[in-house]
Amino acid sequence: MKLIIAIIRPEKLVDVKKELNEASINLMTVINSIGSGRQMGYPETYRGVKHEIRLLKKIELQIAVNDDYVEPTIKAITRGAKTGNIGDGKIFVVPIEECIRIRTGERGSRAIG
Ligand SMILES: Nc1ncnc2c1ncn2[C@@H]1O[C@H](COP(=O)(O)OP(=O)(O)OP(=O)(O)O)[C@@H](O)[C@H]1O
Ligand SMILES: [Mg+2]
């Protein structure tokens, strides 16, 4: 089991959700967030001038999947989120130790999807 955390442009959420749903990935958590990447919030660097780091509005998706869904999830997010420009976002894949469906007590792979 893996937790896929994706940071995407807010305006790409509709496209990413569509791609995920078309790949039968329907369970997700969506969080409004702010952050900065390696441009530190600026569209270009200004040589010699120091700027305060800016935090830009982003969307964070959290999707917990069984291992065979990791690659399809990454591909669907990438299809929906990519423009080819700086700031397209990032995907992190994190191991999950346990998952429990509270209603039934099911655990692990049975509980996740
Ligand atoms: N190493 C990181 N740790 C935590 N969050 C990150 C990290 N890198 C990026 N993010 C998050 O992802 C958002 C988008 O990052 P961004 O796409 O600008 O990454 P980048 O490494 O600067 O790549 P690019 O050069 O394509 O812009 C950031 O605003 C931040 O919220
Ligand atoms: Mg960046």
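Counting starts at 1 for both ligands and their atoms, in listed order. No hydrogens, no waters, no symmetry mates; every other heavy atom, side chains included, goes into these values.
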Going hydrophobic residue to hydrophobic residue with side-chain gaps under 4.5 angstrom, can you get from [X] over to [Y]?
| X | Y | result |
| --- | --- | --- |
| Met28 | Phe92 | no |
| Ile7 | Leu20 | no |
| Ile112 | Ile5 | yes |
| Leu56 | Val16 | no |
| Ile74 | Val30 | yes |

Checking the side chain of Lys58 only, and the main-chain atoms of Gly87 only, is there a donor and an acceptor separated by less than 3.5 Å?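 Confirmed, Lys58 side chain pairs with Gly87 backbone.
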Give a yes or no on whether the backbone of Gly113 and the side-chain of Arg101 come within a donor-acceptor separation of less than 3.5 Å.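 Indeed, once roles are kept as given, a pair shorter than 3.5 Å links the two residues.
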Identify which of [options] has a heavy atom lying nearest to [atom].
| atom | options | result |
| --- | --- | --- |
| atom 24 (P) of ligand 1 | Ser33, Gly37, Gly87 | Gly87 |
| atom 19 (O) of ligand 1 | Lys58, Lys90, Lys57, Arg54 | Lys90 |
| atom 28 (C) of ligand 1 | Ser36, Ala81, Ala6, Gly84 | Ser36 |

Just let me know how Ile7 lines up against ligand 1, side chain, backbone, both or neither, with a heavy-atom cut-off below 4.0 Å.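 For Ile7, the contact with ligand 1 is made by the side chain alone.
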Under a 4.0 Å heavy-atom limit, does Leu56 contact ligand 1 with its side chain, its backbone, both, or neither?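 Neither part.
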Using a strict 4.0 Å cut-off to heavy atoms of Asp88, name the atoms of ligand 1 that fall inside it.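 What qualifies from ligand 1 is 17 (O).
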Ligand-residue contact atoms, ligand 1 with Gly89, heavy atoms, under 4.0 Å: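 Reading through ligand 1 atom by atom, the close ones are 14 (C), 17 (O).
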If I apply the N/O under 3.5 Å rule, does Ile34 come out as touching ligand 1?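 There is no such contact.
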So for ligand 1, is Asn85 a polar contact partner (N or O within less than 3.5 Å, distance only)?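 No; every N/O pair is 3.5 Å or more apart.
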Using 2.8 Å as the threshold, say whether any N, O or S atom from Ser36 sits that close to the Mg ion (ligand 2).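 No.
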What protein heavy atom sits nearest atom 6 (C) of ligand 1, and how far off is it?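 Ranked first by proximity to atom 6 (C) of ligand 1 is Phe92 CZ, 4.0 Å.
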For atom 31 (O) of ligand 1, grab the closest protein heavy atom and report residue, atom and distance to one decimal in Å.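 Here the nearest protein heavy atom works out to Gly35 CA, 3.4 Å.
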Step-by-step side chain to side chain contact (heavy atoms under 4.5 Å, CB included) determination, Glu97 to Met1: CA-CA 7 Å; Glu97 198 161 304; Met1 295 178 290; over 6 Å; no
